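In what follows, every heavy atom counts, from backbone to side chain, and hydrogens, waters and symmetry copies are set aside. As the structure is a prediction and not an experimental result, all values here were calculated from the model.
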Amino acid sequence: MVLRLGRPEVLDSALTLYSHLQVLHAGQLVYQDSANEYEAARRPYPTTFADGTRGATVLLEVNNRDLNLLLQLRISNGRGTVTDTLPVFITGAAQLDDDAPLELAGMLTSNEVGGDRGEYTTYNPICYYELTAAGPVFDAKLTERRIRTIYGQFLGFRFRSEPAMPASTNEAYAAELARIRKAGRSPVN
């Protein structure tokens with residue numbers, strides 16, 4: 001697997017963005033993108049998972065200006081296809097539930113606080129993924145269970161600004177982030 005990054009834009013001494021990406025697999029161009037800006041110098045990304053069938057899954061970090069995201073690129077039969085958008089994970093793989101596979105966790109957007117005295121916040125679920133040999137797989141059961149622990153209710157797997165959540169849920173949210181960080185290890189694989 002070879003990644004070619006072109007057109008660097010140095011924003012400061014710690015951040016360089018690349019506006020053109022090419023992915024080569026077995027010497028063949030399987031994916032290219034010039035619509036997103038990619039980061040490649042920090043965290044454990046890009047990360048590759050070989051699936052044993054001459055294919056692979058690659059996680060590529062996209063600078064989203066608000067909160068970075070990962071594109072999950074599936075490579076098979078000489079082609080690369082973006083199969084999902086994932087959060088940049090809070091930490092490396094960790095045992096976050098009671099089953100054998102390790103999990104990864106992250107959020108797809110930032111929390112917002114509102115009200116005259118900051119008495120409300122948004123519904124911003126932390127999403128959990130089981131780490132498999134072929135890459136991360138969304139764990140809906142664990143995600144829903146942890147969302148209910150934080151918010152006391154389940155309103156789906158995506159960010160919502162309405163209904164507003166009481167700011168008191170920020171304490172449970174912070175406690176869950178601390179639990180994930182404490183359990184985690186790095187790098188992703």
Side-chain angles (χ1 to χ4, degrees), residues 35-39 42-47 49 51 57-74 81-189:
N36 291 302
E37 293 181 308
Y38 291 90
E39 291 188 33
R42 61 189 182 101
R43 296 194 189 101
Y45 306 111
T47 300
F49 301 89
D51 69 5
T57 298
V58 182
L59 301 180
L60 302 163
E61 185 172 0
V62 174
N63 184 294
N64 196 35
R65 304 297 168 131
D66 172 35
L67 190 66
N68 287 4
L69 302 172
L70 297 175
L71 290 185
Q72 185 175 39
L73 178 67
R74 174 78 187 115
T81 306
V82 174
T83 57
D84 205 354
T85 301
L86 308 177
V88 171
F89 299 114
I90 297 164
T91 187
Q95 188 54 256
L96 298 174
D97 64 5
D98 299 327
D99 63 12
L102 297 178
E103 289 80 27
L104 298 161
M107 345 17 122
L108 289 167
T109 191
S110 301
N111 275 356
E112 297 174 14
V113 177
D116 292 337
R117 286 175 250 124
E119 62 268 23
Y120 299 106
T121 190
T122 53
Y123 178 84
N124 186 26
I126 298 170
C127 297
Y128 299 80
Y129 297 79
E130 283 196 348
L131 186 58
T132 71
V137 175
F138 184 64
D139 188 335
K141 187 175 173 182
L142 175 59
T143 299
E144 181 176 347
R145 188 170 77 234
R146 299 311 300 168
I147 288 170
R148 288 184 187 283
T149 299
I150 294 167
Y151 293 105
Q153 60 185 318
F154 176 71
L155 300 173
F157 299 114
R158 298 286 184 197
F159 173 90
R160 292 175 63 144
S161 57
E162 296 293 332
M165 299 286 117
S168 60
T169 60
N170 286 335
E171 291 176 25
Y173 200 90
E176 181 65 3
L177 291 176
R179 181 183 84 88
I180 293 165
R181 286 185 180 109
K182 182 178 178 184
R185 55 182 181 234
S186 207
V188 171
N189 63 347

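Atom CZ of residue Arg146 and atom OG1 of residue Thr149 lie 4.0 Å apart, to the nearest 0.5 angstrom. Separating the CD atom in Gln72 from the CG atom in Leu59 is a distance of 6.0 Å, to the nearest 0.5 Å. From Gln153, atom CD reaches atom OG1 of Thr169 across 9.5 Å, with rounding to the nearest 0.5 Å. Taking CD1 of Ile126 as the start and CG of Leu108 as the end, the distance is 11.5 Å to the nearest 0.5 Å. Distance check, rounded to the nearest 0.5 Å: CG of Asp98 to CZ of Arg145 gives 6.0 Å. Expressed to the nearest 0.5 Å, how far OG1 of Thr132 lies from CG of Leu102 amounts to 11.5 Å.
The closest side-chain heavy-atom distance from Met107 to Ile90 is below 4.5 Å. At least one side-chain heavy atom of Pro87 sits less than 4.5 Å from a side-chain heavy atom of Tyr129. Taking the side chain as every heavy atom from C-beta outward, Ile180 and Thr91 approach each other to under 4.5 Å. Using a 4.5 Å cut-off on side-chain heavy atoms (C-beta onward), Phe89 and Tyr45 make contact. Residues Tyr173 and Asn124 form a side-chain contact, since some pair of their non-hydrogen atoms from C-beta on lies under 4.5 Å apart.
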>> Under the criterion side chain to side chain contact (heavy atoms under 4.5 Å, CB included), I'd like the reasoning laid out for Leu155 against Met165: C-alpha separation, chi angles, the key distance, then a yes or no.
In response: CA-CA 11 Å; Leu155 300 173; Met165 299 286 117; 3.5 Å; yes

>> The test is side chain to side chain contact (heavy atoms under 4.5 Å, CB included); show your working for Val113 and Asn170 and say whether it passes.
In response: CA-CA 9 Å; Val113 177; Asn170 286 335; 4.3 Å; yes

> Going through the checks in order, is the ring pair (Phe, Tyr, Trp, His ring centres under 6.0 Å) test met by Phe154 and Tyr151?
Replying inline: CA-CA 7 Å; Phe154 176 71; Tyr151 293 105; over 10 Å; no

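For Tyr128 (side chain) and Leu96 (main-chain N/O), no donor-acceptor pair under 3.5 Å exists by modelled atom type. With hydrogens and angles ignored, the 3.5 Å screen pairs no side-chain donor or acceptor of Thr57 with any backbone N or O of Phe49. With Asp84 contributing its side chain and Leu86 its backbone, the two residues share no donor-acceptor pair below 3.5 Å. Judged by distance alone, the side chain of Tyr123 and the main-chain N or O of Gly156 form a donor-acceptor pair under 3.5 Å. Of the possible polar contacts, none joining the Thr83 side chain to the Leu73 backbone as a donor-acceptor pair under 3.5 Å is found.
The shortest heavy-atom contact between Ala183 and Ala94 is O-CB, 3.3 Å. The minimum heavy-atom distance linking Asp99 with Gln95 is given by the pair O-OE1, 2.9 Å. A pairwise comparison of heavy atoms in Pro136 and Leu131 identifies N-CD1, 4.4 Å as the closest pair. Considering all non-hydrogen atoms of both residues, Glu103 and Leu142 come closest at CG-CD2, 3.8 Å. Contact record, Leu70 with Glu61: CD2-CA, 3.8 Å, taken as the closest heavy-atom pair. Here the shortest heavy-atom pairing between Thr122 and Ser161 reads CG2-CA, 4.1 Å.
Annotation: Tyr120, atom OH; neighbour count of heavy atoms from other residues, nucleotides and ligands within 6.0 Å does not exceed 12. Enclosure of atom CZ in Arg148 by more than 12 non-hydrogen atoms of other residues, nucleotides or ligands within 6.0 angstrom is indicated.
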